[in-house]
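Here is how names work: the chains are called A, B, and so on, in the same order as the sequence lines, proteins then strands, and each is numbered from 1. Values below: every heavy atom of this structure, side chains too, minus hydrogens, waters and symmetry copies.
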Amino acid sequence: MEYNFRAIEQRWQERWKTEGAYKVSNDTRKPKYYVLDMFPYPSGSGLHVGHPLGYIASDIFARYKRLKGFNVLHPMGYDAFGLPAEQYAIDHGIHPAVSTANNINTFRKQLDNIGFCYDWSREIRTCDTSYYRWTQWIFLQLFKSWYNRKTNRAEPIDRLVAFFEKEGNVNHPIPNFKSEISPADGGIKSQIFSASGWNGFDEATQQAILMEYRLAYCGYGEVNWCEALGTVLANDEVINGVSERGGFPVVKKKLRQWYLRITEYADRLQHDLDVLEWSDAMKEMQTNWIGKSSGAEIKFEISNLKFQIVAYTTRPDTIFGVDFMVLAPEHELVDHITTAEQKAAVEEYVAYVKSRSERERMAEKKISGCFTGAYVINPVNAKEIPVWISEYVLAGYGTGAIMAVPCGDERDHRFAKHFNIPITNIFGDLYTGEEAITGKHVTVYNSGFITGLKVSEAAEKVIEWLGDEGVGERKINYKMRDAAFSRQRYWGEPFPIVWKDGIAYPLEESALPLELPHVDSYKPGPEGEGPLANIKAWTEQHLETNTMPGYAGSSWYFLRYMDPHNDKTFCDRKVSDYWNQVDLYIGGTEHAVGHLLYSRMWTKVLYDLGHIGFNEPFKRLLNQGMIQGSSRFVYRVRGTNSFVSFGLIENYETDKIHVDVNIVDGVELDIEAFRKWRNAEYANAEFILEGDRYICGVEVEKMSKSKFNTVNPDDLVDRYGADTFRMYEMFLGPVEQSKPWDTKGIEGVHRFLKKLWRLFYDEQKGKLWTEENPSAEELKVLHRTIKKIEEDTEHFSFNTAVSAFMIAVNELTDLQCHKKAILENILVLLTPYAPHVAEELWHLLGNSGSVLDTAYPVFEEKYVTESSKLYPVAINGKTRTEIHIALDATPQQVEELVIANEIVQKWLEGKTPKKVIYVKNRMINVVV
RNA sequence: GCCCGGAUGGCGGAACUGGUAGACGCGCCAGACUCAAAAUCUGGUAUUCGCAAGGAUGUGCAGGUUCGAUUCCUGUUCCGGGCACCA
């Protein structure tokens, strides 16, 4: 009886399906555990071996927790809206709904092949109306809420209106009100109004004011506008200022956009990281993204003009060293302050900056800028300071204006040197004129009332002074900006918003879902609007023509899995109270700041409004690494049809060509398959071989179709079985780490499963297993394995767990152990990793009931205790020999034993050792 | 440019809290079985000097701390991920 994995896997997959083995109940007394994979986007090219890495890890953990007695929620679904389907529709005329459904079917077949324990009755798709109805509903909650800074939580907008009617907005001023464009002549645009003021405003004004508070709001923002294509482009569709397709110029254009006021949550998003079990690296990335800093906003009057520039600085202590100001080129004041002489130069520079992406601007090493001709007055010493514009200042950060202190900031220093702006020294002898002093543990000099003070004291004093003089104030700033929440695209959730006379009104919740209409063309609408603007029936109702971005549906999907078929609410409160947070979330680091921050915000909003009982979605996060492709190359002698083997290429002038890794065995090319490859393009190829083999070149690259280095899991499952495939993916290395794929090694894992099988059955002799009592040696192997597998699984060290299984099977084979009492426990340990073979053998051993729900073996120390240990003995840190020593030996006994040792004596060369270091259970070091 | 990771034999990787570097597997070499091959099994396999016993070197690179460093510190090189409209 041999290991027939195909029959075994098919049999159990069918059994588990018909018996509903993976169906999860919301109604049980068992403790819950929620394991979640990051939502996949069902791309057209299907799964390659890189995708299931995290899914296998989560599957193992979910099955492990189930064996440990938990009710485990382990669902899967699809993030089905997105740009690629729409682009495919534009190119091929196939409706995104159709291509997406096809892609999902392929995905599902591939996933099923691998034997996951997903509860498919809970599957969700973001593009289903039954799902996006609730995405729209949550959007309405965001639209109808504001952030009360007094209570520090989101509240219904009606409450705010009630405040306005009673007391105006004096206690709740407009958040993030930008004052920098205010004329300084007393005409400062007021942001504060009284109750009577509010009650006197017309509807349009009132709604405009409320829009300043809503958590989902409409504003204006810049997009990548490509005139030639008549459309808005994503950042990765723009390369060096031109469109990727066609190479047409791309400029910034202001469009009406929806935003989420995530900045109101900046502090809580930062603070609550403390309670999450995420990697430090991940927390650090979010912290940097949120970018909390404290400093001051300082007003600089413009000489001869009735304007002021407000600059944000984290170093108010350097105010006496300000030598120039720099505005973002798109700053609204630029037009107002530029002098006639500088007008042409400024306009030219602004045009240049408009063609540049934000990333290009930040990465630019070359210094550029332009003087505006204007001067401001430094409030502390009345010094006249020239005002420049430069691309290194971004409009979106701080106030879009900086006070430049060349002797205290590297970029400012380079700028001053480049444009020959005189540099004021405020750091005394420390500053030599060569490099800016950026350290924060220094003393400032030449600085009026703060001369001689340390940085932090000086900063405090300046902030105090600014407040007293009314020219500035303390300010906490965040690098994070409000999240753009609209796209000028078709394939996304429509906004449940109607426009009347320029005012946005929400649809009734009972009117949801607002279904995405069919379109004949996916071409953009007029003026950069989305395709919905082309539909008469849509625009006649004055419906919003933007759609929501990809992250809308994925910001809350983990809640819908809990209660996927509820048509009364997005998720019943009782159900979300039971499942609560996701206990383990597995996915890639590429979502570090996007998806993970947005879902955290949505969770907090839903919590604030009382819809759920927890304010963080993902308690524990495990980041999986990428599986890279290992590409293979053939080398064609230039201008010929001959291909030369890798070892001989130095003798020829060759062109390197990607070859499909699936027709290469290791590094050896299957020449016959190569001749048939790509419609027999190389049918007549000639080969210059090494011996009788053609050896390919190897490089590690990203796994992608265009590089012919993708490997389809279906092929491997077909050849070796799902159990082998699962274990091999894990065996490849730590889940968190990126590593290249190598199909060759899978045979080792397959051999392991066959070897395991042979502990139970022999091909010729048949049944081997017995009911005999196990020996002490066998029990030791078993219990060491229980301990190791349990620890490794808990720590997600799946690769070492697989090798522990191999060691156990090797040892049991050496011991010729065929005893049921040992083997059946090994099977339970193996169930999360290789469920099919475990279940099969479990039943062959005569057990009834599924191995999926049996009890996990319990480790017992008494079987593994040893009385002595083989210690490594080092002389001066270099291991020279090994000595058996009883574990209960005293340090004195150990020292005597060690010094008496022949080899130690040889290395001592007659000298007495200075010291003998004995670390129990570890090692011994003799210092000479 | 900025932020976050990573680098160990021919290859993937192991090494707990600073304590025997290279577990396990692939590949390779040798042997057994076989007419032969596949499959399977057994042994060997970091580099280097040596017949051997044994020695020296060795965790990207350059330093440092320590009885002892893959592990901690400083600097540096290269590779991967993210940088706000890919998801």
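At the heavy-atom level, A:Glu284 lies under 4.0 Å from the strands shown only through sugar-phosphate atoms. A:Gly550 comes within 4.0 angstrom of nothing in the nucleic acid, heavy atoms only. As judged by a 4.0 angstrom heavy-atom cut-off over every strand, A:Lys915 is placed among residues making no nucleic acid contact. Nucleic acid contact for A:Asn623: none, since no nucleic acid atom lies under 4.0 Å from a heavy atom of the residue. No engagement by A:Lys283 is indicated, since no non-hydrogen atom pair under 4.0 Å with the nucleic acid exists. At a threshold of 4.0 angstrom between heavy atoms, the contacts of A:Glu791 with the nucleic acid are absent. Within the nucleic acid shown, A:Ala281 comes within 4.0 Å of sugar-phosphate atoms alone, with no base atom in reach, counting heavy atoms only. Using a 4.0 Å heavy-atom distance criterion, A:Val232 is classed as a base contact. Residue contacts for A:Asn925: at a heavy-atom cut-off of 4.0 Å it reaches a base atom on one of the strands shown. Across all strands shown, A:Trp907 has heavy atoms under 4.0 Å from sugar-phosphate atoms exclusively, and none from any base. If you check every strand for non-hydrogen atoms under 4.0 Å, A:Arg411 touches nothing. No engagement by A:Glu237 is indicated, since no non-hydrogen atom pair under 4.0 Å with the nucleic acid exists. Residue A:Pro734 is classed as a sugar-phosphate contact, given heavy-atom separations below 4.0 Å to backbone atoms only. Counting any heavy atom pair closer than 4.0 Å across all strands shown, A:Leu732 reaches sugar-phosphate atoms only and no base atom.
Residues satisfying the side chain to side chain contact (heavy atoms under 4.5 Å, CB included) test with A:Pro891, not counting sequence neighbours, are A:Tyr918. Qualifying salt bridge (Lys or Arg N to Asp or Glu O under 4.0 Å) partners for A:Glu493, counting only residues two or more places apart in sequence or in other chains: none. Listed by chain and residue number, A:Phe324, A:Val326, A:Ser390, A:Ile402, A:Arg411, A:Asp412, A:Phe415 satisfy the side chain to side chain contact (heavy atoms under 4.5 Å, CB included) test with A:Tyr392 (two or more places apart in sequence, or in another chain). For A:Phe725, the ring-ring contact (aromatic ring centres under 6.0 Å, His included) test picks out no residue, with sequence neighbours left out. For A:Tyr551, the ring-ring contact (aromatic ring centres under 6.0 Å, His included) criterion is met by A:Phe485, A:Tyr598, not counting sequence neighbours. Residues satisfying the side chain to side chain contact (heavy atoms under 4.5 Å, CB included) criterion with A:Asp742, sequence neighbours excluded, are A:Tyr728, A:Lys744. Every residue two or more places apart in sequence or in another chain that forms a side chain to side chain contact (heavy atoms under 4.5 Å, CB included) with A:Asn810 is listed here: A:Lys755.
Aromatic pair A:Tyr265/A:Trp602: centroids not less than 6.0 angstrom apart.
For the segment residues 253-266 of chain A, residues with any heavy atom less than 4.0 angstrom from an atom of RNA chain B are, sorted by number, A:Gln257. A heavy atom closer than 4.0 Å to some atom of RNA chain B occurs in A:Arg751, A:Lys754, A:Arg758, these being the qualifying members of residues 749-759 of chain A.
The pair A:Lys366-A:Glu391 does not count as a salt bridge, with every side-chain nitrogen at least 4.0 angstrom from each carboxylate oxygen. We find that A:Glu222 and A:Arg481 are not joined by a salt bridge, their nearest charged nitrogen and carboxylate oxygen being 4.0 Å or further apart. Taking a cutoff of 4.0 Å between a charged side-chain nitrogen and a carboxylate oxygen, A:Lys906 and A:Glu902 do not qualify as a salt bridge.
Distance noted for atom C1' between B:U20 and B:U71: 15 Å (whole Å). The P atoms of B:G13 and B:A87 are separated by 31 Å, rounded to the nearest whole Å. Taking atom C1' on both B:G12 and B:G27, the two are 11 Å apart, rounded to the nearest angstrom.
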Which donor-acceptor pairs under 3.5 Å do side chains of residues 797-806 of chain A form with protein atoms, sequence neighbours excluded?
| from | atom 1 | to | atom 2 | distance (Å) |
| --- | --- | --- | --- | --- |
| A:Ser797 | OG | A:Thr800 | OG1 | 2.5 |
| A:Thr800 | OG1 | A:Asp792 | OD2 | 2.9 |
| A:Thr800 | OG1 | A:Ser797 | O | 2.9 |
| A:Ser803 | OG | A:Thr800 | O | 3.1 |

Could you list the donor-acceptor pairs under 3.5 angstrom formed by side chains in residues 919-928 of chain A, with sequence neighbours left out?
| from | atom 1 | to | atom 2 | distance (Å) |
| --- | --- | --- | --- | --- |
| A:Lys920 | NZ | A:Leu887 | O | 3.2 |
| A:Asn925 | OD1 | A:Asn876 | N | 3.4 |
| A:Asn925 | OD1 | A:Gly877 | N | 2.9 |

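Heavy-atom contacts of chain A under 4.0 Å fall on RNA chain B between two terminal nucleotides, which in 5' to 3' order are B:G1 to B:A87.
Remark: B:U40 base-pairs with B:A32. Criterion, Watson-Crick or G-U wobble with two distances under 3.5 Å.
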